[in-house]
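So that the names make sense, note that chain A is the first sequence line, chain B the second, and so on, each numbered from 1.
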Number of protein chains: 2
Amino acid sequence: MPMSARPRRITIEDVARSAGVSRQTVSRAVNDKPEIDPATRQRVLRVAQSMGYRPSRFARGMVGPRLTTLGLVIADVLNPFFPEVVSGVLAAADERGWQVAVYSTGSALERETAVARTVVDHVDACVAFLLDPGAIELIHRSGMPFVLLDNEHRPPSVSGGRIDFATGMRHAVGHLVERGHRRIAMLDDRGRPDAGGHGTRHSLFLGAAAEHGLPADGEWVFPAANSLEGGAAAMDDVLAGGFGATAVLGYNDLIAIGAMRRARDRGMRVPEDCAFVGCDGLTLSRLVDPPLTTLTVDKELLGRAAVRQVAAQMTGAGAGETVIVPRLVVRASS
Amino acid sequence: MPMSARPRRITIEDVARSAGVSRQTVSRAVNDKPEIDPATRQRVLRVAQSMGYRPSRFARGMVGPRLTTLGLVIADVLNPFFPEVVSGVLAAADERGWQVAVYSTGSALERETAVARTVVDHVDACVAFLLDPGAIELIHRSGMPFVLLDNEHRPPSVSGGRIDFATGMRHAVGHLVERGHRRIAMLDDRGRPDAGGHGTRHSLFLGAAAEHGLPADGEWVFPAANSLEGGAAAMDDVLAGGFGATAVLGYNDLIAIGAMRRARDRGMRVPEDCAFVGCDGLTLSRLVDPPLTTLTVDKELLGRAAVRQVAAQMTGAGAGETVIVPRLVVRASS
DNA sequence: CAGTGCTCCGTGAACGCTCACGGGAACGTT
DNA sequence: AACGTTCCCGTGAGCGTTCACGGAGCACTG
């Protein structure tokens with residue numbers, strides 16, 4: 001028995017030969033074209049089926065109208081921030097008849113370059129949450145339409161979508177000050193390589209605190225892993241530090257909720273002993289106990305806007321920027 | 001100014017001509033092949049860049065080793081059940097070097113056929129949550145590797161992954177009975193077309209109830225929309241019906257949590273006045289107040305297993321079935 | 001009977017790329 | 001001086017499909 005290296009693909013020609021017709025007739029049968037005898041169609045279809053024939057996407061794409069595949073790079077599907085963005089992207093892409101391929105970096109900075117490389121080869125346009133400048137450059141260089149989301153250090157020549165946390169942080173801190181808080185700790189995402197850099201929530205928080213005459217140096221900012229557990233651990237640090245913080249502001253809802261739960265587990269009352277405020281406005285934040293005060297961001301809109309920008313670039317538009325303004329939703333946690 | 005119909009694509013030939021070299025040399029430059037003069041490569045690359053040249057995915061796919069794209073059809077990214085499955089699928093696909101295209105039906109049965117049609121044309125294999133027999137048939141007919149998830153009426157010739165709720169329901173009902181409950185209501189997902197059919201949670205619940213000598217007719221099952229709001233509304237029905245239910249079992253966590261919150265809003269104590277049990281084991285269920293007792297399902301594993309089955313079919317394996325056994329996690333809600 | 005229309009089917013060509021091969025120039029080797 | 005090597009580069013072929021065209025067969029018309 002000869003070893004068949006790679007079983008050659010079954011082509012339209014094979015089916016044609018086997019059914020005693022021409023390529024074109026097989027094509028007509030498979031694609032439901034009208035100019036074919038119904039009996040012939042059935043026969044051809046049967047032969048095709050029995051041979052296990054499947055038309056090649058690539059050959060089709062070569063000739064017919066091309067399908068655009070949009071690459072969507074997110075950090076982690078399990079992070080509840082992203083599903084809403086994905087939802088917006090899927091909807092907006094669907095409206096345009098585009099396909100969406102989702103890639104996840106698993107929140108690992110070192111994987112970003114590898115993901116970027118695949119993206120460059122396999123999609124026609126890209127919407128991405130990326131932090132590594134190399135990965136960003138890679139995609140940008142490829143020349144494909146590209147929108148970078150939630151990155152404060154986006155090169156000016158690439159389109160982006162960002163959330164106006166400058167305004168948001170002012171509202172959040174203002175709200176806490178109104179409630180009488182003077183000692184506010186922030187739990188920052190330690191996974192970001194640009195911790196404390198210009199435009200980050202970290203520095204915007206310090207700025208807003210300073211505006212209200214609060215202590216505003218790095219001492220009040222605690223690094224936390226981007227997860228419930230990370231928030232909880234960081235809360236431990238806050239408590240252990242003896243800062244006497246009466247309010248905690250999380251980089252996002254996940255961290256804030258993790259911290260809040262840890263505080264409760266330690267016997268603290270929320271918001272009496274310590275108030276909590278998050279960022280992002282996850283659905284989740286409404287459901288926890290107590291419901292979390294949070295800077296709500298329309299994440300679905302962020303996704304839709306990104307697709308819109310990609311579409312604009314396809315028709316030759318230059319780099320642009322979309323800004324989403326967060327809205328403070330006050331709930332029982334503060 | 002003549003109207004340019006569709007701006008013809010920039011091909012490798014265009015770049016070659018413009019750079020004064022051959023196709024092959026451009027190809028070598030673009031693909032980082034060694035047999036080319038560094039100076040020439042730079043020049044070609046610059047020309048390509050300036051012309052906005054981007055190699056055609058399709059033409060590449062025609063000749064080179066083909067990339068497999070796996071289609072993943074889910075009901076709704078916003079339903080927290082799915083992200084975990086997606087995560088498993090992405091990971092398992094990535095291990096095999098596959099791409100994953102995600103499609104969402106938006107939980108709309110009537111959209112399933114349309115989605116199925118796109119899927120058939122655009123991917124090489126498919127993992128899907130689908131209910132409409134027509135849509136399922138469409139994909140199955142196409143002959144592509146196909147795994148159907150969480151569908152009790154799967155045709156025997158198509159592979160599937162299912163959750164063993166027969167065992168699960170017995171555990172859940174048994175647990176409630178142990179706690180002294182005799183009047184248990186179930187909140188069913190009314191979106192499923194096969195309500196009450198064989199193998200559904202609905203009928204498995206009734207079976208388990210009967211085993212424990214509880215009242216077990218359809219009266220105790222209430223239809224609910226698959227969402228928090230749906231669960232809440234269904235809880236109103238339970239209360240209005242005057243059944244004196246002391247425990248409620250949800251089709252899934254979402255419905256159970258919605259119901260539980262509504263019960264609390266109506267002044268009931270959980271679990272004293274009414275106990276709640278969910279299905280799925282969402283992360284969310286740990287975070288609500290009180291934490292929800294639930295039949296936990298390893299959703300990530302479900303996704304991984306589905307990909308494994310698809311891979312098996314690619315190498316010629318026949319239809320198979322994966323069964324995931326849920327595990328009852330008892331928390332404060334019961 | 002020639003002409004006209006319709007139905008069904010087959011034959012080049014083209015899509016844009018990579019692979020396999022071959023060839024010329026420049027250099028060193030016998 | 002003739003011959004091998006190495007380095008670059010170009011040419012034909014082929015991937016699997018659809019589109020545009022043309023042609024055969026038949027029925028119906030004038």
Practice prompt. Confirm from the modelled atom types if A:Gln24 and D:dC19 form a donor-acceptor pair under 3.5 Å, side chain to base only.
Written response: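 Such a pair is found, so the answer is yes.
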Item to complete: Decide yes or no, distance alone: a donor-acceptor N/O pair under 3.5 angstrom between the base of C:dT11 and the side-chain of A:Arg23.
Response: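 No, the side chain and the base share no sub-3.5 Å donor-acceptor pair.
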With respect to the phosphate group of [N], does any side-chain polar atom (N or O) of [X] fall under 4.0 Å of OP1 or OP2?
X       : N      : value
B:Ser22 : D:dT11 : no
A:Ser56 : D:dT17 : no
A:Thr25 : C:dG10 : yes
B:Lys33 : D:dC9  : no
A:Thr40 : C:dC9  : yes

Tell me which nucleotide among [options] gets nearest to the side chain of [X].
X       : options                : value
A:Pro38 : D:dG10, C:dA13, C:dC8  : C:dC8
B:Val63 : D:dT17, D:dC15, D:dG10 : D:dC15
A:Asp37 : C:dC8, C:dT18, C:dC17  : C:dC8
A:Glu35 : C:dC8, C:dC17, D:dT17  : C:dC8
B:Arg28 : D:dT17, C:dT11, D:dC9  : D:dC9

Any side-chain donor near an acceptor of the partner, [X] and [Y], under 3.5 Å:
X        : Y        : result
B:Ser107 : B:Asn79  : no
A:Gln309 : A:Thr322 : yes
B:Glu152 : B:Thr200 : no

Rounded off to whole Å, could you give me the [atom1]-to-[atom2] distance for the [X] and [N] pair?
X       : N      : atom1 : atom2 : answer
A:Leu67 : C:dC15 : CG    : P     : 20 Å
B:Ile10 : C:dC17 : CD1   : P     : 11 Å
B:Arg54 : C:dG16 : CZ    : P     : 15 Å
B:Arg17 : D:dG10 : CZ    : P     : 14 Å
A:Phe58 : C:dT18 : CZ    : C1'   : 14 Å
A:Met62 : C:dC15 : CE    : P     : 8 Å
B:Asp14 : C:dG16 : CG    : C1'   : 10 Å
B:Arg41 : D:dC7  : CZ    : C1'   : 13 Å

Worksheet item: Within the distance-only criterion (no hydrogens, no angle test), does the side chain of B:Glu112 pair as donor or acceptor with the backbone N or O of B:Leu131 below 3.5 angstrom?
Response: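 Confirmed, B:Glu112 side chain pairs with B:Leu131 backbone.
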Item to complete: For B:Asp124 and B:Leu70, indicate whether the former's side chain and the latter's backbone hold a donor-acceptor pair under 3.5 Å.
Response: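 It does not hold such a pair.
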Discussion item. Both A:Pro55 and B:Pro34 contact DNA chain D. Taking the nearest nucleotide for each, which residue is further toward the 5' end?
Written reply: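 In this pair, the answer is B:Pro34.
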Item to complete: If the plane angle is over 60° it's perpendicular, under 30° parallel, otherwise tilted; pick one for A:Phe81 and A:Phe129.
Response: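 The arrangement is perpendicular - the two ring planes meet at more than 60°.
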